[in-house]
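Working notes, beginning with the structure itself.
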Amino acid sequence: MRISKSFVPTLKEVPNDAVVTSHILMLRAAMIRMVSAGIYSFLPLGYKAAKKICEIIRQEMDAIGGQEFHLPALNPKEIWEETNRVEAFGDTLFHIKNREYVLAPTHEEIMTFHARNVLNSYKDMPQIWYQIQTKFRNEARPRSGVIRSRQFLMKDSYSFDTSWEGLDHSYELHDKAYRAIFDRCKLKYFVVGASSGAMGGTGSEEFMVKSDAGEDTVAHCESCGYAANVEVAESRVNSKIRDEKSKDVYEIHTPNVKSIDELCEFLNIDESECAKSRVYIHNGEAVLVLMQGNDEVNESKLTKALGGNIRPAHPEELMEITGADAGSIGPIGYKGRIIADNRIKDANNLYSGANKNDYHLGGIDLFRDVNNVEYLDLRTVLSGEGCPRCENNLQVFSAIELGHIFKLGTKYSEAMGAMFLDENGKENPIIMGSYGIGVERIMACFIEQHNDENGIIWDKVLAPFDVHLIALNMKKQQITEAAEEVYNKLINQGVDTIYDDRVDAQAGVKFKDADLLGMPLQIIIGEKKLKEDLLEVKIRKTGKRFDVPVDEIHNKVKEILTND
RNA sequence: CGGGGUGUAGCGCAGCCCGGUUAGCGCGCUUCGUUCGGGACGAAGAGGUCGGGGGUUCGAAUCCCCCCACCCCGACCA
């Protein structure tokens, strides 16, 4: 591709609206342009990279027996009503105004629509059907460029099995395929075993990439691979060891002491000796939650343990419930349900609020002084805490969900009447799985992981072009002639080459653009070296340069591209 | 949807607080000349509903009201 005749509008400056690295680089490197919030056009370079990703996905999906479909984005609303997902998706589902259609945010319904009445014998299964297509979701807040948008490319596949064992097998196939895909895309990722979400089902895994632009917070152990959403993550922490002797409970005047830190400073004690109190309203009833020191209540864990809905009590309610304001609340004298974190199970000689403003109590023995305390894991894990599975430590960070594999079960087949007859002539619902991958997210994550201050550093597997050919001064005939020859020969050999043949661009401009676009290999043709029949090759990743005789350039390029 | 921020030439910004000729600057763009291995130099140009609407005023990019768009934080996320 000749740059002089192509649309490669690189940007020298950082666009005002872009914040995350991948977004900035995708705009600057002429891969995408925004049309509206969360709506992007792929420019030619970006689309080439997208197609390479899709091709890798396709190969790996085909390798597990997947069959590619092309389904409509425009769906009759009534199909979505069969599964009650018009309501379930709510505002996230785009509705067409002048006809009863919706824009598909995913394709369980359409795939099940094709499966029902057609896959009607156990002999017809298993099947794996997939597609790579545009999905539409009316995200309340699109962000981070292409990472969360309203229209995006997704590979989604669906498995149809006659048994739960069959589903397990289809799921395992997808797990393997996904690892192969992300490995081939040179992504550093990890796998989080997620609990079944609102989609219903028996098991799922999320493929995640560490990134500040991520929307999930996860705890991850590098050494054993333990990974969990922080909402459910556990860690190895010391519990408060029970002192041999329990002191008597005594009152301490603590004027203006509100926080655990202030209490520790005021009494010159360690935070591990304190029990922090939080009051939640659970289905209308007050619950006192006790945590050690500054440990944070994990509301997800609390919700899961209690069931129903919880919310923190309002300040006005606190006085009514406990007789004190936040900062002076404690378990002694509290009437009502008390739940404490495992870390302070049966601990003694604790400090906590006195349920009287400006007073705290010391010498609290939860075993002796407080009846009916329920103990649960309620902590939010912190970076640096011990991994629950091995001897190393956890890191807590935000991450992007790249892909999700999911054992759906019979939710959709039952709702839509997708039944089959088994060997005994008995009717059963088809057992399904669903499996998604965000194509743009692969691209964005790759760029997040492979860039430097000059731009993108493509690996050849995803690079829009293999080689970036730079003719430094197109006004010199020798250079032009040499460049044209090299270019044509590369093209003829099937080396995908982008050729900077701009007559009016300075050398510096061409170098900067080449680094920004980030093709793996640069071939530089300059006057001095050409006089000695030499060209220069630069490896983008390492920055290494070396001279190659003109006659040998094609072999050298092939050699580097196949070996690297 | 709540909180915060921004909107002035293709891009990045100044001007606004304290209203006053033809609204500036850098990059980019056009033409000419010089330069030609890390975003060159000189000269001459083109390019603007100052996000939109309404109001105050002799006069509004500037002050007031309403709306819109985009970004960030939060909520939400099948």
Side-chain angles (χ1 to χ4, degrees), chain A residues 9-20 23-24 27-28 30 33-40 80 83-94 102 104-109 135-145 147-150 152 154 156 194 196-201 204 206 212-217 229 231 299 311 398 400-401 404 406 408 411-412 434-436 438 453-455 470-476 478-480 500 502-516 522-531 534-536 538 543 545 547:
Chain A
T10 54
L11 300 174
K12 194 152 112 182
E13 290 178 278
V14 175
N16 176 255
D17 286 343
V19 176
V20 304
H23 188 198
I24 291 170
L27 288 167
R28 288 194 54 214
R33 280 296 118 95
M34 188 178 85
V35 174
S36 177
I39 303 177
Y40 290 85
W80 285 78
T83 55
N84 213 350
R85 287 173 106 203
V86 173
E87 194 189 340
F89 265 102
D91 198 45
T92 305
L93 186 67
F94 276 111
V102 297
T106 172
H107 279 84
E108 278 82 6
E109 278 77 1
K135 307 281 163 169
F136 300 85
R137 295 183 192 183
N138 185 24
E139 296 293 348
R141 188 187 153 209
R143 70 189 93 173
S144 307
I147 289 170
R148 187 174 195 77
S149 55
R150 296 207 168 113
F152 55 96
M154 180 164 129
D156 50 327
S196 320
M199 275 176 91
S204 75
E206 287 171 345
D212 289 337
E215 305 179 276
D216 296 290
T217 308
N229 195 299
E231 291 179 1
E299 296 187 358
R311 63 165 173 86
S398 44
I400 295 170
E401 182 186 337
H404 198 165
F406 208 96
L408 275 183
K411 177 176 170 174
Y412 294 89
S434 107
Y435 317 87
E453 66 279 4
N454 295 314
I470 302 171
L472 283 184
N473 188 343
M474 292 291 287
K475 284 171 186 158
K476 303 276 182 186
Q478 322 86 280
I479 293 182
T480 308
D500 197 340
R502 289 175 292 181
V503 177
D504 52 356
Q506 294 276 126
V509 174
K510 295 188 175 186
F511 284 131
K512 289 287 183 189
D513 268 354
D515 286 347
L516 175 62
Q522 296 174 14
I523 298 175
I524 300 151
I525 305 183
E527 194 178 12
K528 269 188 200 162
K529 286 185 179 170
L530 191 60
K531 277 184 183 154
L534 292 174
L535 306 177
E536 189 172 321
K538 175 179 164 183
R545 302 150 171 272
D547 296 335

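Here is the naming used below: chain letters follow the sequence lines, and residue numbers restart at 1 for every chain.
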### Task
Would you mind reading off the distance between A:Lys531 atom NZ and B:rC36 atom C1', rounded to a whole angstrom?
13 Å

### Query
Listed by chain and number, what are the salt bridge (Lys or Arg N to Asp or Glu O under 4.0 Å) partners of A:Asp156, not counting sequence neighbours?
A:Lys135

### Task
Could you tell me which residues satisfy salt bridge (Lys or Arg N to Asp or Glu O under 4.0 Å) with A:Lys529, sequence neighbours excluded, listed by chain and number?
A:Glu536, A:Asp547

#### Entry: Partner nucleotide of B:rG45 by Watson-Crick or wobble geometry (both distances under 3.5 Å)
B:rC29

Could you write out each protein N or O paired with an N or O of nucleotides 41-52 of chain B at a distance under 3.5 Å?
none

### Message
Heavy atoms only, 4.0 Å cut-off, all strands: where does A:Lys529 land among base, sugar-phosphate and nothing?
### Response
base

What protein N or O atoms touch nucleotides 24-26 of chain B N or O atoms at under 3.5 angstrom, if any, and at what distances?
{"residue": "B:rG26", "atom": "N2", "partner": "A:Glu13", "partner atom": "OE1", "Å": "2.9"}

### Task
Check every strand shown and say whether A:Lys135 touches a base, only sugar-phosphate, or nothing at a heavy-atom separation below 4.0 Å.
nothing

### Message
I'd like to check the side chain to side chain contact (heavy atoms under 4.5 Å, CB included) partners of A:Arg143; sequence neighbours left out, ordered by chain and number.
### Response
A:Arg141, A:Arg148, A:Glu215

### Message
Base, sugar-phosphate or nothing for A:Lys475? Non-hydrogen atoms, less than 4.0 Å.
### Response
base

### For B:rG24, the Watson-Crick or wobble counterpart (both distances under 3.5 Å)
B:rC13

## Note on the structure
When both distances are under 3.5 Å in a Watson-Crick or G-U wobble arrangement, the nucleotide paired with B:rU35 is none

#### Entry: Base-pairing assignment for B:rA60 (Watson-Crick or G-U wobble, both under 3.5 Å)
none

### Task
Look at all strands and tell whether A:Asp91 reaches a base, only sugar-phosphate, or nothing, counting heavy atoms closer than 4.0 Å.
nothing

### Message
Please classify the nucleic acid contact of A:Arg28 as base, sugar-phosphate, or nothing, using heavy-atom distances under 4.0 Å.
### Response
base

### Query
Tell me, do A:Glu108 and A:Leu408 make a side-chain contact under 4.5 Å, heavy atoms counted?
yes

### Task
Report yes if the side chains of A:Thr106 and A:Phe89 come closer than 4.5 Å at any heavy-atom pair, otherwise no.
yes

### Task
Indicate, yes or no, whether a donor-acceptor pair under 3.5 Å links the base of B:rG37 to the side chain of A:Glu536.
yes

### Message
Test of understanding: with side-chain hydrogen bond (donor to acceptor under 3.5 Å, both in side chains), list the residues that count as partners of A:His23, not counting sequence neighbours.
### Response
A:Tyr40

### Summary
Applying side chain to side chain contact (heavy atoms under 4.5 Å, CB included) to A:Gln506 and not counting sequence neighbours gives A:Val509

### Task
Using atom CG of A:Asp515 as one end and atom P of B:rG37 as the other, report the distance to the nearest whole Å.
16 Å

### Task
Grab the CG-P distance between A:Asn229 and B:rC77 for me, whole Å please.
12 Å

### Any residue meeting salt bridge (Lys or Arg N to Asp or Glu O under 4.0 Å) with A:Arg28, in chain and number order, not counting sequence neighbours
none

#### Entry: Note, A:Phe136 side chain near A:Val102 side chain (heavy atom, < 4.5 Å)
no

### side-chain hydrogen bond (donor to acceptor under 3.5 Å, both in side chains) involving A:Asp513 - partner list, sequence neighbours excluded
A:Thr10, A:Arg502

### Task
Any strand is fair game: report the nucleotide pairing with B:rC1 by Watson-Crick or G-U wobble, both distances under 3.5 Å, or none.
B:rG74

#### Entry: From B:rG37, B:rC77, B:rG12, nucleotide with atom closest to A:Arg148 side chain
B:rC77

### Task
Classify the nucleic acid contact of A:Pro9 as base, sugar-phosphate or nothing, counting any heavy atom under 4.0 Å across all strands shown.
nothing

### Under the side chain to side chain contact (heavy atoms under 4.5 Å, CB included) test, residues paired with A:Ala471 that sit two or more places apart
A:Met474, A:Ile479, A:Ala483, A:Tyr499

### Along RNA chain B (nearest heavy atom to each residue), the more 5'-positioned of A:Pro105 and A:Ala507
A:Ala507

Enumerate all atom pairs, one protein N or O and one N or O from nucleotides 67-72 of chain B, separated by less than 3.5 Å.
{"residue": "B:rC70", "atom": "OP1", "partner": "A:Ser36", "partner atom": "OG", "Å": "3.0"}
{"residue": "B:rC70", "atom": "OP1", "partner": "A:Ala37", "partner atom": "N", "Å": "2.8"}
{"residue": "B:rC70", "atom": "O2'", "partner": "A:Asp17", "partner atom": "OD1", "Å": "3.1"}
{"residue": "B:rC70", "atom": "O2'", "partner": "A:Asp17", "partner atom": "OD2", "Å": "2.7"}

Per-pair distances, 0.1 Å, donor-acceptor, side chain in residues 13-20 of chain A, under 3.5 Å, sequence neighbours excluded:
none

